[in-house]
Amino acid sequence: MISIKNVNKSFGDHHVLTDVSLEIPKSNVVALIGPSGAGKSTLIRTINALEPINTGEIIVDGVSIHDKKTDINVARLNIGFVFQSFNLFPFLTALENVTISPMKVKGLSKEVAEKRGKELLTSLGLGDKFDSYPSRLSGGQQQRVAIARALAMDPQVMLFDEPTSALDPEMVTEVLDAIRKLAKDGMTMVVVTHEMGFAKEICDEIVFMAEGKIVERAAPDKFFSNPDTKRAQDFLSKVLNH
Amino acid sequence: MYSYDWSVITRNMDVFIDGALKTLEISALAILIAIPIGIIFGMGRISKNKFFRLISSIYVEIIRGVPLLVLLIWIFFVLGQFLKLGSYWGSIWGLAIFAGAFIAEIVRSGIQAVPKGQMEAARSLGMSHAKAMTYIILPQAFRRVLPPLASQFIMLIKDSSLVSVIAATELTLNAKNLVATSFRSIEVWTFVALIYFIMTFSLSLIIRYFEKRLLKSEA
């Protein structure tokens, strides 16, 4: 479903991504983990072309994302993106946040968009928050609205860039539950996360990055119990033993 | 000792009212023209297109650097040779081109004040740059620029007094003419100042009302 081939990206002399390749089959959930500055966020942002790349190719559902001939606005309809800082539209209610793009981009009528938006918000436990503005919602609620907003475009792929890093600890669970549910429904997902327990539980594969390279790829059980590389061992000893 | 005679005000009330209405008319038309000018060149200042950015910068820098009085006279005498503007449209366009440059800067700062994540979120939902601007960025920029925009509108009403130099009929020119015939400069200019204040302060109150209503909706 997602095919990343020899992607390179640099800011001037600084290589952010070096020859990154990764295949993600349909319905797989992949966690990108690693120390900060490893290029995880940059990599996930290249998958929907929020970040340009220098060389290489990224193909999502048969569409070459960075090809100049690709209409990126159409390609992005297939790729939901959830940000660390939610990025809800503050002047719109929860429901309007969810319906604006289906209406303005897909041309759905208000009735159809609102029906679907209400379903999504309700399924994420926000059935009583349709008319609330983001400033009146907790971080966990805002992030769930952001997930509903992305799902409203009916994407084949969902990308999560540290979806719980900006949340208070007691709100992490509700957002992880929402992602867990999507995994169960067979959504193809890439999640940049520092929640190791969560990564171990729901992911099909762990991709460990450091210094802009993929250092190790493994099944969660293998990775967390017995990683092959010294770099991953060091990282895990730091994040798991505190 | 100067002996005041305020009856010059009451006797010539129609002159003041006519003048004030003309001032409002010229200001309103100038604002209506200045807003689209300001939005276009404000967006131009941060456009990816180098040419558009250059043109916008040249416009803003030149207009900001030339006194309004000089600009009005220049438009009237120099542009007036090629275009049949007359003093009425000459003053409206002069004020609009002048205010447009300042509004462009206000629009630019308003757009730049919207967090980058808003554009990214809109784009990641499949919106084109233009749609994201229209539906997500500009509505937020608009809320942020209301206070400086209000100051600009007030400034424009006051600046419209300068168009009297190119003989456009409005409050200040009417007052000048009245002083010339009545010799009651203290009374007339005091009253004129009061009228300008009433017009600008009313506008200020109206804008404050809208601002509150807009902000209340997202609190």
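Quick note: numbers below take in every heavy atom, side chains included, and nothing from hydrogens, waters or symmetry partners. Keep in mind it's a predicted model, so treat the numbers as computed, not measured. Throughout, protein chains are lettered first and strands after them, A, B, ... in sequence-line order, and every chain is numbered starting at 1.
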Chain B heavy atoms under 4.5 Å from F83(A): which part of the residue, side chain, backbone, both or neither?
side chain

Which of residues 112-126 of chain B have a heavy atom under 4.5 Å from any heavy atom of chain A?
G117(B), Q118(B), E120(B), A121(B), A122(B), R123(B), S124(B), L125(B), G126(B)

For F142(B), is the CZ atom crowded, meaning more than 12 foreign heavy atoms sit under 6.0 Å from it?
no

Minimum-distance pair of heavy atoms, taken over all atoms of F91(A) and Y135(B):
CZ-O, 3.2 Å

Flag the one option from N87(A), L88(A), I72(A), L50(A) with the top tally of heavy-atom pairs under 4.5 Å to chain B.
N87(A)

Side chain, backbone, both or neither: which part of I79(A) has a heavy atom under 4.5 Å from chain B?
backbone

Among residues 23-50 of chain B, residues within the sub-4.5 Å heavy-atom range of chain A, in order of number, are none

May I ask you to list the residues in residues 61-97 of chain B that approach chain A closer than 4.5 angstrom, counting heavy atoms only, ordered by number?
none

At a heavy-atom separation under 4.5 Å, does R149(A) approach chain B through its side chain, its backbone, both, or neither?
both

L159(A), part contacting chain B, at a heavy-atom distance under 4.5 Å
neither

Filtered by a 4.5 Å non-hydrogen cutoff, the part of residues 98-127 of chain A contacting chain B is I100(A), S101(A), K104(A), V105(A)

